[in-house]
Amino acid sequence: MRKIIEWLWFCNGCIFLVVRIVQKDLFSRQEPSQEEIEREKMESVVKLVIQKLNDFVTKEADLLFGVHDQIISVRADLEWMRAFLEDVDRVGRENKRFKIWVTQIRDVTYDAEDVIDSYIEQKRREDTSAGLMRCLSSFADFIKDIPAILDVGKKIRNLERRLGHIKENISRYGNISVGGEASSSSNQSQLRREKMAPIVEETDVVGFDDETKTLVGRLTEGNVRRAVISITGMGGIGKTTLAKKVYNDIHVKKSFDFHAWVYVSQQCLVRELLLSIIKCFRALERDEMEMTPEEDLRQELSQYLQRKRYLVVIDDIWSRQAWDSLVSAFPDKDNGSRVLLTTRNEEIAMYADPQSTPHRLRLLDGNESWSLFCNKALPGNLALTCPPNLKELGRKIVSKCRGLPLGITVLGGVLSRKEKLVNTWEKVLKSVEWWLNESKEDGISGILALSYHDMPYYLKPCFLYFGAFPEDSQISVPELIQLWTAEGFVQRRGEEEMEDVAEDYLDELISRSMIQVGYRRSNGTVETCRIHDLLRDLSISEAKEERFLEVHGNMAPELPTKARRLAITSGDISKSISLNCSTLQLRSLLRFGYEVQMLEKPQWTIVCGAFKLLRVMDLRRVQLSSLPDEIGYLIHLRYLCLKGARLERLPSTITRLSNLQTLNLLQTEVNMLPDDIWKMEQIRHLCLDTTAGLPCQISNAMQIHRLINLQTLKYVKGGSWIEDGLEKLTNLRDLGIEGDLKMALSRSIPRLASLRSLWLDASPKCSIPAFPSFSNHHHLFDMTLIGPSEKLPDVHEFPPNLTELFLSGSQLEQDQIGTLEMLPNLRRLCLFSKSYIGKEMVCSVGGFPLLDYLYIYDLDELEEWIVEEGAMPNLRRLEIDKCRRLKMLPDGLRHISTLQDLQLRSMPEGFIERVRKDDGEDWFKIQHVPALTINP
């Protein structure tokens, strides 16, 4: 308060000083001129404004006193509110009072965040307006900002009143325990969801023949130790159905002396499970069931099973604790006994038996989905001959389920009860979502929601975030992790990098069958992922209910969002921005649509002015030649992605974004970074790549060594800046440099021991110099080398864990291929144009021992390729493209039994004739390959 008042009087004096300087001496003239009269009016106005301002500040002083202390108090309250939400998330989901309290506290939490962020933004403006000239030039802004500062105090008082009302209501209408139980026994019965018989009957099962055969073999054969066999997969995928089919198999029935099946639930009641198994071998009196201690039941069961070769199915187990409470009842007598688990969480399966690989159940393919649908929708003879007028509609209905058996079964069952008419099926097609979610409790959404509610609190926002991405999209994991980190979802774990913690979060979502792997890198990390459409619908529904995220699709919304995040997957982005331009609470603006859209500069200015509390802005494929200077006002911004935009330059004000962690300008036209970007010391990921193919330049004035948090730097042009500090960026993991590479390779890169991926492109007039030893780069698994190589390193000088190598223009000869084939961990090798210039290439015995994928493209000198027997023993995929002089396939391919996929493209006519099915001269070499693609 004192600082504001002092500043006010300081401005007062300064304004009078300026007025006097610009005035001429009033006493030197007898009559004032018109100009002097106007100046007198101006001075009177200034006096009046300052007087009014003084009166206003004095009147509202009680709101300004102690604002800073109140902000600290609100921040502390915010932590308590978040902790409360995390604690009560585990209990009372069906309790209406609970839902009301959680909603009210969540709203107060959001508003508290707004107050804190607004205060920080206001303080930043205040701190940047110091100095006489600054004060003079921004006096109008100062007057305008005073009400905003005063508003903070009023909002804090309002928050305190609202929290007081919530506390009063909790006290008045009853407390809720957050220790793990709801307050009433009726809530316990509501929480416990009994598992019923599978919806898909055994007679309807399709696509499970191979799985059944595999599981029957694992149950009846193999080790004599008691093994735990697990079936894992997402809710509704058919785990229980497959387990039923295996359990009732005649061979399985004959192989075990004792059989039992128990259904578990999220609220596992161990006593009931033990009683269910015991009932399979003896009758129990009611008093005995109620009075016998749980431990006595466990011992009785264990003693009985000691004498038996048993099979016990534990269906739908949710936690390690549930397994720990049961496992002692299943003795291991080396007689081939088995426990069969079904679970959505692969981590539980591995915990129950680390020596047993879980059986991961896949989604149905198109033909399997159609067969299951016809069995349900057209029972009897109709299933064999679907009426032609219904087939197209049926296919569209089936496609909505994306191979999920439960969804197909539900929709098929709906249609089985309706007339076989086109208009009837059209109605169902238009209301597919309603039919799938007809019952919130027992419908598909309810079944899938069990997995969501079972998640730990820290995973839930990560899952809900998937609703922001378009249907069927392949989601880049590096970008997803950067978004999670910027949003604040990732919790610190000691000294571990946030990105590593986020990778663990994703792995946990995958193990819980909530997220599917798209593409996995050769080192085991996930590069892309995807989410099933029905799970995406669940994430959107839950996110909207929690005001976490709102998605704008094809239909333009009629009302502005009340959510903290807005995702625009399709439609006109300008309409969504105009509708929400006054949405103060918006923290993330995400535009993931595939179509390219234009956003005019005035609209960009609206974004920067209206959404001043944004933390994340991802507007890829939105076109604008330049960013407005107002971008510098978004001081809370942590993530900025303009990937694919027609952006030509960055304003200097972008360096004010002191909290920015990720700047993604891939596929733009920005080829120069502002000199002061080194001041953004929090930045972790700089992704730069011009559509013109020119690398982004770094000015020599940029003190790059200050960016000590930088993990990603690509793709930039080499220069003297390398000598000034590249070697000090010891946290770099992903580096891409183009141009003169001598300085980088001789001095800096060898010292960057944290590198995981390295991309080097020599300019047309340069070559890639001889490598230093990379033997200490244990994390480096991916290298791309573009341009002539003076000399490849020796085998022991390559990174010891190198698994992926991409070469283009390297001009290698046979002796260097001999070096590559000795790399012990190489799994993927791509040889692009002019990477090999010899006429003959030989892969020798024992060469490329772990190679899984080989791609050969445009080797225009290659005429003969020899693969000796015993070379590439683990090759699964081979692609040969545009090798015009290659005469035939190597004979050694017929010895590679692991080869699953062979693709031949743009090859000469004579080559294609030789691989023609059945009668081609080279057909015998590849006839064992399951997937063969030939495109002349």
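Aromatic ring centres of Phe489 and Tyr465: separated by under 6.0 Å.
Of the possible polar contacts, none joining the Ser473 side chain to the Phe469 backbone as a donor-acceptor pair under 3.5 Å is found. Side chain of Gln623 to main chain of Gly644: a donor-acceptor pair is present (N/O by atom type, distance under 3.5 Å, no hydrogens or angles). Proximity of a side-chain donor or acceptor of Arg547 to a complementary backbone N or O of Lys562 within less than 3.5 Å is detected. A donor-acceptor contact shorter than 3.5 Å links the side chain of Asn664 to the backbone of Leu666. A donor-acceptor pair under 3.5 Å is formed between the side chain of Arg591 and the backbone N or O of Arg620. Side-chain N or O atoms of Asn709 include one that pairs as donor or acceptor with a backbone N or O of Glu681 at under 3.5 Å.
Going from atom CD1 of Ile573 over to atom CG of Leu599 covers 5.5 Å, rounded to the nearest 0.5 Å. The distance from atom CD1 of Ile654 to atom CG of Leu663, rounded to the nearest 0.5 Å, is 5.0 Å. How far CG of Leu665 is from CG of Leu640: 7.0 Å, rounded to the nearest 0.5 Å. Rounding to the nearest 0.5 angstrom, the gap separating the SG atom in Cys608 from the CG atom in Leu614 is 8.5 Å. Rounded to the nearest 0.5 angstrom, Leu726 CG and Leu713 CG are separated by 7.5 Å. Taking CD1 of Ile704 as the start and CD1 of Ile708 as the end, the distance is 13.0 Å to the nearest 0.5 Å.
Here the options are Gln482, His685, Arg684, the test is side-chain hydrogen bond (donor to acceptor under 3.5 Å, both in side chains), and the partner is Thr712; only His685 passes.
Side-chain contact between Phe592 and Ile568: absent, with no pair of heavy atoms (C-beta onward) separated by less than 4.5 Å. Side-chain contact between Gln661 and Thr485 is present, with at least one heavy-atom pair separated by less than 4.5 Å.
Taking every heavy atom of both residues into account, Leu707 and Trp678 meet most closely at CD2-O, 3.4 Å. Nearest heavy-atom pair, Cys462 versus Phe466, reported as atom, atom and distance to 0.1 Å: O-CD1, 3.3 Å. Taking each heavy atom of Leu660 and Arg638 in turn, the nearest pair found is CD1-C, 3.5 Å. Here the shortest heavy-atom pairing between Pro628 and Thr653 reads O-OG1, 4.4 Å. A pairwise comparison of heavy atoms in Phe611 and Leu634 identifies O-CD2, 3.4 Å as the closest pair. The nearest pair of heavy atoms linking Ala543 to Leu464 is N-CD2, 3.9 Å.
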Practice problem: For the pair Met617 and Ser588, evaluate side-chain contact (heavy atoms from CB on, under 4.5 Å) and give the outcome as yes or no after the intermediate values. | Solution: CA-CA 6 Å; Met617 184 160 61; Ser588 301; over 6 Å; no

Quiz item: How far apart are the C-alpha atoms of Asn731 and Glu497, what are their side-chain angles, what is the distance that settles it, and do they pass the side-chain contact (heavy atoms from CB on, under 4.5 Å) test?
Solution: CA-CA 10 Å; Asn731 287 315; Glu497 292 287 353; 3.9 Å; yes

Exercise. Could you go through the salt bridge (Lys or Arg N to Asp or Glu O under 4.0 Å) check for Glu499 and Arg756 one step at a time?
Key: CA-CA 13 Å; Glu499 288 78 3; Arg756 296 183 179 183; over 6 Å; no

Practice problem: Please lay out, stage by stage, how Leu758 and Thr784 fare under the test side-chain contact (heavy atoms from CB on, under 4.5 Å). | Solution: CA-CA 6 Å; Leu758 178 60; Thr784 298; over 6 Å; no

Practice problem: I would like to know whether Arg565 and Leu586 meet side-chain contact (heavy atoms from CB on, under 4.5 Å); could you show each step before the answer? | Solution: CA-CA 6 Å; Arg565 297 164 186 85; Leu586 204 64; 5.5 Å; no

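With respect to the salt-bridge test (charged N to carboxylate O, under 4.0 angstrom), the residues Arg733 and Asp500 qualify. Salt bridge status for Asp734 with Lys714: present, with a side-chain N to carboxylate O gap under 4.0 Å. A salt bridge links Glu727 with Arg747; the closest basic N to acidic carboxylate O contact falls under 4.0 Å.
For Lys643, the NZ atom sits in a packed shell: over 12 heavy atoms of surrounding residues, nucleotides or ligands are nearer than 6.0 Å.
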